[in-house]
J.: 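Got a structure for you, written out below as structure tokens; questions coming shortly.
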Amino acid sequence: SGAPYYKASRAEKYLYHEPDCQDGVPRWVLAVKMPDVKKTRDLDGDGSCDYIGQFQSQDTSHPPAAGEWTMLCDGVYEKQYLILLEGTSTTTTTLAKASTSTTTFPKVGEAGATEEFGDGYGIKTTTTTKNTKASLMLGGACPYKAALNGLTFDVVGTAADGSPIYKARGIDEYIYHDADCDGAGVVTAARWVFDNSKPSSTATKDLDGDGKCNYHARIDSSLAGTSRPP
């Protein structure tokens, strides 16, 4: 079907799209058997629709970022709201080195030298590092704030204390760390807050500048710097 499939990093657990397990209903499934990518139906070949979890969907491009799955819990199928997050962290290092003892590298300062390495002989080194903080998916808001469920937040900047600032895709909603939410100087607790006001990246307190501790939600936390919300 062209749909991607995923494997847990430390367990034989798989997440994939099943076009038709036996009942003709397409779905994303969490399973213990590796899917057969050559098959067009019943990818685990067990002749049944028994899985750890399943989510009915015709979308084969990717599993739902958030939604209500049917989960097998202690032998009973129950409805469970699951959130899937994704992130990327890649480090690539390339080192050019002499292939034989007969190769002579020019010393730094001589023609053909690139940069100093080790005993002063020119060897070209290239290091590329890419770190991307994972996006956050919101779930579990109270019924009054239910419209906020399913929002995806990406890192869009850094606060003065070094903590990341997150913004929801397509809407002005933010998650950030505030050391003193009203700026009064009488700090009861630093906290991560969920707010609809854009925070300042230079202020050290009351980042939304409203002089109040007014926002959707908060969680007390002294963790800042390069940390992330709990």
Side-chain angles (χ1 to χ4, degrees), residues 4 6-11 13 15 28 55 61-69 80-94 126-230:
Y6 307 80
K7 181 186 179 299
S9 58
R10 294 185 296 274
K13 300 292 188 294
L15 171 60
W28 284 93
F55 181 93
S61 60
H62 54 77
E68 192 174 66
W69 288 61
Q80 297 289 333
Y81 193 86
L82 300 186
I83 298 173
L84 302 176
L85 302 178
E86 62 178 329
T88 303
S89 179
T90 304
T91 300
T92 303
T93 302
T94 303
T126 302
T127 301
T128 302
T129 302
K130 178 182 179 182
N131 292 308
T132 303
K133 290 182 179 295
S135 298
L136 305 178
M137 176 69 69
L138 180 69
C142 63
Y144 183 71
K145 300 282 187 178
L148 300 174
N149 286 326
L151 290 180
T152 299
F153 290 80
D154 301 310
V155 176
V156 295
T158 305
D161 64 0
S163 59
I165 296 173
Y166 297 82
K167 181 185 179 299
R169 298 176 185 176
I171 188 172
D172 286 328
E173 299 290 352
Y174 300 86
I175 297 175
Y176 57 91
H177 187 270
D178 201 327
D180 182 0
C181 56
D182 61 6
V186 183
V187 182
T188 56
R191 58 197 59 173
W192 285 93
V193 300
F194 176 21
D195 194 5
N196 59 7
S197 297
K198 182 178 180 179
S200 168
S201 60
T202 58
T204 58
K205 57 184 179 180
D206 188 19
L207 272 61
D208 62 359
D210 65 354
K212 303 176 182 178
C213 294
N214 187 20
Y215 25 71
H216 296 307
R218 72 168 190 246
I219 182 168
D220 293 348
S221 174
S222 61
L223 297 177
T226 58
S227 61
R228 56 176 288 168

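Given the structure is predicted, the values throughout are model-derived calculations rather than measurements.
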J.: Testing the basics here: between Ala160 and Ala203, what is the closest heavy-atom pair and its distance to 0.1 Å?
T.: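 It is CB-O, 3.5 Å.
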
J.: Which pair of non-hydrogen atoms, one from Arg191 and one from Tyr215, has the smallest distance, and what is that distance?
T.: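 Smallest heavy-atom distance, with atoms named: NH1-OH, 2.7 Å.
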
J.: Heavy atoms only: give me the nearest Trp192-Ser163 pair and the separation to one decimal.
T.: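 That closest heavy-atom pairing would be CH2-CB, 4.0 Å.
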
J.: Contact between Leu151 and Asn149 at the side-chain level, heavy atoms closer than 4.5 Å - yes or no?
T.: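 In short, these two side chains do not touch, never coming nearer than 4.5 Å.
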
J.: Would you mind reporting whether Asn196 and His216 have side-chain heavy atoms less than 4.5 Å apart?
T.: yes

J.: Tell me yes or no: between the side chains of Asp178 and Tyr176, is some donor less than 3.5 Å from an acceptor?
T.: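 Judged by distance alone, the side chains do not pair up.
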
J.: One pair to check against side chain to side chain contact (heavy atoms under 4.5 Å, CB included): Lys212 and Asp206. What are the steps and the verdict?
T.: CA-CA 8 Å; Lys212 303 176 182 178; Asp206 188 19; over 6 Å; no

J.: Do Phe55 and Pro63 come close enough that some side-chain heavy atom pair is under 4.5 Å?
T.: no

J.: Less than 4.5 Å apart, side chain to side chain, heavy atoms only: is that true for Arg169 and Ser135?
T.: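 Yes; the side chains approach each other to less than 4.5 Å.
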
J.: If you measure from CG on Asp154 to CD1 on Ile165, what distance do you get to the nearest 0.5 Å?
T.: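 Separation between the atoms: 13.5 Å.
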
J.: Determine whether Pro229 and Leu136 make a side-chain contact, defined as any pair of heavy atoms from C-beta on separated by less than 4.5 Å.
T.: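 Pro229 vs Leu136: side chains touch.
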
J.: From Arg218 CZ over to Asp195 CG, what is the distance, rounded to the nearest 0.5 angstrom?
T.: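 Between atom CZ of Arg218 and atom CG of Asp195 there are 13.0 Å.
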
J.: Do you know which two heavy atoms are closest between Ala184 and Asp180, and how far apart they sit?
T.: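 Taking Ala184 first and Asp180 second, the nearest heavy atoms are N-OD2, 3.6 Å.
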
J.: Kindly compute the distance separating CH2 (Trp28) from CG (Leu15), expressed to the nearest 0.5 Å.
T.: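 CG of Leu15 is found 6.0 Å from CH2 of Trp28.
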
J.: For atom NZ of Lys7, decide whether the heavy atoms of other residues, nucleotides or ligands shown that lie under 6.0 angstrom number more than 12.
T.: yes

J.: How long is the gap from CG on Asp208 to SG on Cys181, to the nearest 0.5 Å?
T.: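 Taking CG in Asp208 and SG in Cys181, the distance rounds to 8.5 Å.
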
J.: Counting C-beta onward and ignoring hydrogens, is there a side-chain heavy-atom pair between Lys205 and Asp182 closer than 4.5 Å?
T.: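 Counting from C-beta outward, Lys205 and Asp182 never come under 4.5 Å.
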
J.: For the residue pair Phe194 and Phe153, categorise the inter-ring angle as parallel (less than 30°), tilted (30 to 60°) or perpendicular (more than 60°).
T.: perpendicular

J.: Please check: side-chain N/O of His177 versus main-chain N/O of Ser221, any donor-acceptor pairing under 3.5 Å?
T.: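 Present.
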
